[in-house]
Number of protein chains: 2
Amino acid sequence: MPVAIKVSEETFTPRQQAVLTAALDLLVENGDGLTMTAVARRASCSKETLYKWFGDRDGLLTATVQWQAAKVRMPVVDRSHLSARTLRLSIEQFARDLLTVIVGEVSVTLNRTAVTHAAQEKDSLGLIVLENGPLAIRRRLKPILEAGRDARLLRFESSEDAYRTFFGLVVRDVQIRLLLGDKALTQSNIEANIEVDVKAATDQFFTLFGAKASNA
Amino acid sequence: MPVAIKVSEETFTPRQQAVLTAALDLLVENGDGLTMTAVARRASCSKETLYKWFGDRDGLLTATVQWQAAKVRMPVVDRSHLSARTLRLSIEQFARDLLTVIVGEVSVTLNRTAVTHAAQEKDSLGLIVLENGPLAIRRRLKPILEAGRDARLLRFESSEDAYRTFFGLVVRDVQIRLLLGDKALTQSNIEANIEVDVKAATDQFFTLFGAKASNA
DNA sequence: GTCGAACCGTACCGTACGGTACGCCAGCAG
DNA sequence: CTGCTGGCGTACCGTACGGTACGGTTCGAC
């Protein structure tokens, strides 16, 4: 019943994690058709146990999404010695991580689930995904950006705006098209271009916010 | 049963349009909870009529989304005399239209519905939204961009890439956050900033693709 | 007026699924 | 061995909702 957002790792027993894995698998393959019976069967446990552990269907869904979303850990970049080169590499790495995650099947499924959920006045899943997706990136990227600015390598007024522009340059229309099921965007199709796109986005970002650029 | 995508305006009688309006209203206010009974009651018609007209629930949903999506008509910009000033105004207008639409409650609802639908192997709604959303903009913007390039006002290699970057600069993370139900983005909150954001996005686009810029 | 078509309102059916109850079998304490 | 606890499997209940059937009403054709 509590709608609290757990940022800390909820401690799940291995058995419970197996159940969550089963639930996630079902989500990914069956889309929205996640039924308690199906999870119970897949995980070889009883429905009663599910209800005991997770309260209700929403609880199971929340636990699954949260548990999985928390797994997406962006590699922390080294900030200690910030040269133009390392800054660029860091930002490029962020772009690569962001795009790789967003393109992944699990991410698409989780986002779809959360959006579906949000279409019913229940925003908890949306918040979790938001928290572990865009906002997590923002939290990690912002310090880098600000360090870059302090080192006179970047120029911008609001790190928030800089971050959001970065997001836009990297993600473009890929995410919404994936969520909408655009068949023209196959997994392999995108992955083949990730490096090119990451490079292009990084270039554009530096064109806009590099110290020598005017971004009036 | 046919999943054909009707691009042409399906000819609906006024009565049928009233029904579709009712369905859309319910969709917007009740989120996903669109039931045939509710539509029938709201539109003061019988369920039998609904099934007669639209076949099944999916048919009604499709008709609603398609009918509404087709209403989003981007104003056609004048291409006849293309100066640096008119080009900029055109692109700025596109940015404004795009952002205004995407931020709208109806758009959010339609996109959520389509995403939910796409989460169940049914991609028809997603295709419709895609077709009338991003792709419609692309179809209209691309000629402008190419005209700008022909007039040596813009510089890019692929108009597709230019368009997608434009999309990213304008939309950034707004759409996904709205879809996920981010409470921090209230309607008024966004609308107050639309002009600023539009201006910024246009500036950035010209920085990246203006004739004098390097977009290596 | 009669006839028929379109349509409203409502009762009804079947099913899927969330949630609960219960019987049964470990495994372990004593 | 007995008894207890945790968890599996399954049968079950209630409800919501998609879809159908049917009686009643309006309205135009003739």
Side-chain angles (χ1 to χ4, degrees), chain A residues 1-3 11-65 112-114 116-117 119-122 124-125, chain B residues 1-3 10-65 109 112-114 116-117 119-122 124-125:
Chain A
M1 212 65 58
V3 205
T11 162
F12 292 121
T13 71
R15 186 74 182 94
Q16 286 172 331
Q17 294 189 23
V19 170
L20 294 179
T21 302
L24 183 70
D25 287 351
L26 281 174
L27 265 186
V28 170
E29 55 192 68
N30 266 355
D32 190 17
L34 184 77
T35 71
M36 301 301 275
T37 308
V39 174
R41 193 156 37 217
R42 172 73 66 107
S44 291
C45 71
S46 76
K47 282 170 66 176
E48 195 167 14
T49 303
L50 292 185
Y51 285 101
K52 185 174 181 180
W53 285 348
F54 302 105
D56 56 3
R57 183 176 181 276
D58 256 24
L60 173 60
L61 216 49
T62 303
T64 304
V65 170
R112 277 192 186 146
T113 306
T116 301
H117 215 242
Q120 311 164 340
E121 282 94 288
K122 315 184 199 164
S124 56
L125 285 192
Chain B
M1 213 62 63
V3 205
E10 184 96 51
T11 163
F12 292 122
T13 70
R15 186 73 182 96
Q16 287 171 332
Q17 295 188 23
V19 170
L20 294 179
T21 302
L24 184 70
D25 288 350
L26 281 175
L27 221 47
V28 170
E29 54 192 68
N30 266 356
D32 190 19
L34 183 76
T35 72
M36 300 302 275
T37 308
V39 174
R41 193 156 38 217
R42 172 73 66 106
S44 291
C45 71
S46 75
K47 282 170 66 176
E48 195 168 16
T49 303
L50 291 185
Y51 285 101
K52 185 174 181 181
W53 286 347
F54 304 104
D56 57 3
R57 183 175 181 276
D58 256 23
L60 172 61
L61 215 50
T62 303
T64 305
V65 170
T109 299
R112 278 193 186 144
T113 306
T116 300
H117 216 243
Q120 310 164 339
E121 281 95 287
K122 314 183 198 168
S124 55
L125 286 193

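Lettering follows sequence order; numbering is per chain, from 1.
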Query - Nucleic acid footprint by protein, nucleotides 3-18 of chain C - heavy-atom cut-off 4.0 Å, B for base, S for sugar-phosphate alone - result: ----SBB-------SB
Query raised in the report: Can you check whether B/Pro14's main-chain N or O pairs, donor with acceptor, with B/Gln17's side chain at less than 3.5 Å?
Result: no
Query raised in the report: Does a side chain donor of either B/Asp32 or A/His117 reach within less than 3.5 Å of an acceptor in the other side chain?
Result: no
Report summary line: A/Thr49 meets the side-chain hydrogen bond (donor to acceptor under 3.5 Å, both in side chains) criterion, sequence neighbours left out, with A/Ser46
Query - Student check: side-chain heavy atoms of A/Val39 and A/Phe54 closer than 4.5 Å - result: no
Report task. Can you see which heavy atom on B/Met36 is nearest to which on B/Tyr51, and at what distance? Result -> CG-OH, 3.4 Å
Report task. Send over the distance from B/Phe54 CZ to D/dT20 P, rounded to a whole Å. Result -> 16 Å
